[in-house]
2 protein chains.
Amino acid sequence: MRPHELPEVRHLALFRDMAQSNFDTLMQSAYAQTFPASLDLIRQGDPADFLHVVLEGTVELYAQWGGRECTMAVVRPVGTFILAACIRDAPYLMSARTLDRARIILVPASDLRAVFRRDPEFAVSVIHELAGCYRAVVRHAKGLKLRTSRERIASYLLRQSVLAGGVASYTLPVEKRLLASYLGMTPENLSRALKSLEEDGVKVDGSRVIITDRARLTELARPDRLIDGPDPDGAHAGASLPSAQG
Amino acid sequence: MRPHELPEVRHLALFRDMAQSNFDTLMQSAYAQTFPASLDLIRQGDPADFLHVVLEGTVELYAQWGGRECTMAVVRPVGTFILAACIRDAPYLMSARTLDRARIILVPASDLRAVFRRDPEFAVSVIHELAGCYRAVVRHAKGLKLRTSRERIASYLLRQSVLAGGVASYTLPVEKRLLASYLGMTPENLSRALKSLEEDGVKVDGSRVIITDRARLTELARPDRLIDGPDPDGAHAGASLPSAQG
DNA sequence: TTTACGGTTTGATATTTGTCAATTGATCAG
DNA sequence: CTGATCAATTGACAAATATCAAACCGTAAA
């Protein structure tokens, strides 16, 4: 692991409050590795051996069933994934692959479980992290069940704008087919819906998003803190796609 | 609280391992109450004041947005709900209402937070519980995104049969409109789909389910441990509807 | 520059799903 | 027993969404 990387990990909400000695223990058995783009990191169903921490690059969490697959979340630096499987010592529910070249730290799950049993501060951090992950997935499920495709797209586009500081224009952080899958629709459907949304205050040209009528878009998206976040206290940052992992 | 109730709570995975003194502290500030059917217990967006423990009866967790609503989970005895909101001291993401007359214990969230900070065993239990809740919602989301309506229904009917011990016949534990909402479709859609499923090995007459051709139904449902559960270690029971709450 | 590749868009079409309205059926209070 | 109520079903229809195929386009390798 590189010298500047340790402080970055230590700065994460998950590792911030634990005793230094325990942090050192965790990191001694951990190792960092750089992976090329489009590489499979995890196959759903495999036993959970390592907590993953993304230092650079982007990782997609996706699920498969019966020959189909769908994107569940995207993890960006500095974020962790598959915490829950590690804790339960259970098989991964999701697969993971790199989208870009990515640098990732692998923390052995067994050490993780040992440390939160003897470091109360770390246990509390894990609790907060898990509660946050749980709430993120509940939000995602709410969006899928309560909103139509157009509404999900509108909400997503508006939320990205807000996360970027309320700007009227920005670029999409992911490919459209991935976005479509994340939002629970086909690429074709997304493409057509985006075109139709020009009448509702947002224009998308390539990966460039331009909000032409914020009021109109907001009216359609009806943003809701209980779906779109963030949690009021804001214990962890909102990634470009709500990083609903663990 | 009644004398026989305390041991039932204590027996829950969440409270089983904590120090007796801390359990006593929690229960001293808690109080039990009996509610009539169809009563709203929690409105989404309200601050999380109490962890709820269902002792008797049934509670529905549901979400609302823009005049629509959908069922997210059903909690049965003995189970807890909205743990995550309590921990984060954040607003509830879901509403809750009784389906039957229900007896519920209310544990102040502030005490909860105080206790898991000083009782490592309890902290570990909370971690396990949250990880389990997280995984349950991920499963639910996977089902929604990867399966069609018919497949979700088939999976549900098959899973219920398995949970009941592999029986060929059983009665639905909830009303069909609730089931429809839980599975992400309209009651009309569920009704028609159920009829069409007679050709796929299951017959539903009123609330009576009869599996007429298990192999056929299994072929359609393609049950998957990573969606339908349970987690291999089986730390907590599978309720009639996967009780994906916290 | 040119080609090759993969993402994206578009068109035509089929399927699924939702909506609205009416009817049936079961349950329960009076 | 009877009416009221609400869940469940059914039919007709509309809307949303998926599928399949082809064309388009931007990027990167040759």
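So that the names make sense, note that chain A is the first sequence line, chain B the second, and so on, each numbered from 1. Keep in mind that what you see is a predicted model, and the values were worked out from it rather than measured.
For DNA chain D, the span of nucleotides reached by chain B at under 4.0 Å from its heavy atoms goes, 5' to 3', from dA7(D) to dA12(D).
Atom CE of Met185(B) is separated from atom P of dT19(C) by 14 Å (rounded to the nearest Å). If you take NZ of Lys176(B) and P of dT27(C), they are 13 Å apart, rounded to a whole angstrom. Here the P atom of nucleotide dT27(C) and the CG atom of Asp100(B) are 16 Å apart, to the nearest Å. As rounded to whole Å, 14 Å separates atom C1' of dT10(C) from atom CG of Asn189(A). Between Glu60(A) atom CD and dG7(C) atom P the separation is 12 Å, expressed in whole Å. In this structure, CZ of Arg150(A) is placed 18 Å from P of dG18(C), rounded to the nearest angstrom. When the P atom of dT10(C) is taken as reference, atom CG of Leu190(A) falls 12 Å away, rounded to whole Å. In this structure, Arg147(A) places its CZ atom 22 Å from P of dT17(C), rounding to the nearest Å.
Comment: Glu151(B) engages Arg68(A) in a salt bridge, judged by a side-chain N to carboxylate O separation of less than 4.0 angstrom. The existence of a salt bridge linking Lys142(A) and Asp228(A) is excluded, since no basic side-chain nitrogen approaches an acidic carboxylate oxygen closer than 4.0 Å. Salt-bridge formation is detected for the pair Arg103(A)/Glu5(A): a Lys NZ or Arg NE/NH1/NH2 atom is positioned less than 4.0 Å from an Asp or Glu carboxylate oxygen. In this structure, Asp46(B) pairs ionically with Arg43(B), as a charged nitrogen and a carboxylate oxygen lie closer than 4.0 Å. Ion pairing between a basic and an acidic side chain is recognised when a charged N comes within 4.0 Å of a carboxylate O; Arg97(B) and Glu69(B) show such pairing.
For the residue pair Ala102(B) and Thr58(B), the shortest heavy atom distance occurs at CB-N, 4.3 Å.
Between the NE2 atom in His140(B) and the CG atom in Leu144(A) there is a gap of 9.0 Å [rounded to 0.5 Å].
Remark: Ser149(B) is in phosphate contact with dT17(C), judged by side-chain N or O atoms under 4.0 Å from OP1 or OP2.
If Glu175(B) and Glu188(B) are placed on DNA chain D by their nearest nucleotide, the residue sitting closer to the 5' end is Glu175(B).
Nucleic acid contact for Arg192(B): base, since at least one base atom lies under 4.0 Å from a heavy atom of the residue.
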